[in-house]
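Beneath this line is the structure, given in structure tokens, with notes to follow.
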There are 2 protein chains.
Amino acid sequence: MKTFTIGQVAREARVGVETVRFYEREGLIEEPSRRASGYRQFDEAVVDRLRFIREAKELGFTLNEIKELLSLKLDPASSCGNVKDRAEVKIADIEEKIRTLQRMKRALVKLTKACSGDGPTSECPILESLDGRGKQ
Amino acid sequence: MKTFTIGQVAREARVGVETVRFYEREGLIEEPSRRASGYRQFDEAVVDRLRFIREAKELGFTLNEIKELLSLKLDPASSCGNVKDRAEVKIADIEEKIRTLQRMKRALVKLTKACSGDGPTSECPILESLDGRGKQ
DNA sequence: GTAAAGCCCGTACCGTACTACGGAGTCAAG
DNA sequence: CTTGACTCCGTAGTACGGTACGGGCTTTAC
């Protein structure tokens, strides 16, 4: 069976070497076996695991959430429904974030439309609107 | 002219007392004058400034960006256009974040649709899809 | 055989934005 | 005058997710 050094798994999974060590410390990947020299010896599954972590992170899960997801997987008492529930909570989180960002964007667009771009900052409607209320 | 203690400005601007001290250390508000006792003595403008910071943060600016915005304001050579440019960059940032979140959401929705919610985690399409590729 | 690249470890540090702590001095109300 | 709330200060801690350092061993390639 093919094994990998830490540098190889890192390259394969497109993460940093230090990140792999960090994930090991944090319990996101199991402690690998070692060569006589002390060098870590990983197998293919760790590459998959690291990709899992990277992709879940890209989907907006935090490392703690990912850890829970992984422990669910190991727990024979938990069902697929648990995982689905968590994914649905995550979808709701993401929707909330999107709404907040859209609110921010609308406010900024409104401000930039009010601003000619000419004139001194002292008359900038963007700064005025933010710093204002007490200034007029 | 009415002056404020740190607790009063904090309440007025709806931030914490420690946050005001923190902003002072970070140079986001100027060093206030002091009473004989050493107590900080703020004026109304600081309340506005603190509100400015809070609102700009709500619009997605970081403290560093806010600091820049404030320095623009003080620089007589900078025009309203500088501020507008920054706001537009921020709008583009926000749009990018929204797109990323929408990508995340689409991926998660797709996965939850594929998942019945029944069955063991070993057959969960969500986990499989994430940890997969090397497992089949 | 040698040199470069890779790996070992613990620890410290990065940025972001605060929040908490503790002991001492001060202020305002009653 | 007392009491309780407020303020002072510097320092440390929080959460998040890593990133960097540095001295010393191991492996690989030539």
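Numbered from 1 within each chain, the chains take letters A, B, ... in sequence-line order. None of the values given here were measured: they were computed from a predicted structure.
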Task: Protein-nucleotide distance (B:F22, atom CZ; D:dC8, atom P), rounded to Å - done: 17 Å

Open item on the list: Taking B:V15's backbone N and O only, do any of them form a donor-acceptor pair with B:R54's side chain (distance below 3.5 Å, no angle check)?
Closed with: no

Open item on the list: Whole angstroms only, please: what is the CZ-C1' distance between B:R54 and C:dA17?
Closed with: 16 Å

Open item on the list: Please confirm whether the shortest side-chain N or O distance from B:Y23 to OP1 or OP2 of C:dC18 is below 4.0 Å.
Closed with: yes

Task: Whole-Å distance separating the NZ atom of A:K67 from the P atom of D:dG18 - done: 13 Å

Task: Euclidean distance, atom CD of residue B:E26 to atom C1' of C:dC18 [Å, nearest integer] - done: 10 Å

- [ ] Return the value, rounded to whole Å, for the distance between atom CZ of A:F4 and atom P of D:dT27.
- [x] 18 Å

Open item on the list: Under a 4.0 Å threshold between the charged nitrogen and the carboxylate oxygen, would B:E95 count as salt-bridged to A:K105?
Closed with: yes

Open item on the list: If the threshold is 4.0 Å, N to carboxylate O, is there a salt bridge linking A:R21 and A:E18?
Closed with: yes

TODO: Starting at atom CD of A:E24, determine the distance to atom P of D:dG18, rounded to an integer number of angstrom.
DONE: 15 Å

- [ ] Verify, without hydrogens or angle tests, whether B:K67 (side chain) and B:E26 (backbone) share a donor-acceptor contact under 3.5 angstrom.
- [x] yes

Task: First of B:E18 and A:E18 reached from the 5' end of DNA chain D, by closest nucleotide - done: B:E18

Open item on the list: Contact list please: residues 30-40 of chain B against DNA chain D, heavy atoms, distance less than 4.0 Å, in numerical order.
Closed with: B:R34, B:G38, B:Y39, B:R40

TODO: Answer yes if A:I98 and A:V109 sit in the same cluster of Ile, Leu, Val, Met, Phe, Trp and Tyr residues linked by side chain heavy atoms under 4.5 Å apart, and no otherwise.
DONE: yes

TODO: May I ask whether B:I29 and B:Y39 are part of the same hydrophobic cluster, defined by side-chain heavy atoms of I, L, V, M, F, W, Y residues being less than 4.5 angstrom apart, directly or through others?
DONE: no

Open item on the list: If I take atom CZ in residue B:R11 and atom P in nucleotide D:dA5, what distance separates them, rounded to the nearest angstrom?
Closed with: 13 Å

- [ ] On DNA chain C, check which nucleotide each of B:N64 and B:R25 is closest to and give me the residue with the more 5' one.
- [x] B:N64

Task: Under-4.0 Å side-chain N/O to phosphate OP1/OP2 contact, A:T62 with D:dC16 - done: no

Task: Short side-chain N/O contact from A:T19 to OP1 or OP2 of D:dG18, under 4.0 Å - done: no

Task: Donor-acceptor pair, side chain of A:K90 and main chain of B:M104, under 3.5 angstrom - done: no

TODO: Measure from CD on B:Q8 to C1' on D:dA5 and round the result to the nearest Å.
DONE: 12 Å

Open item on the list: Between A:K57 and D:dC16, is there a contact of a side-chain N or O with OP1 or OP2 at under 4.0 Å?
Closed with: no

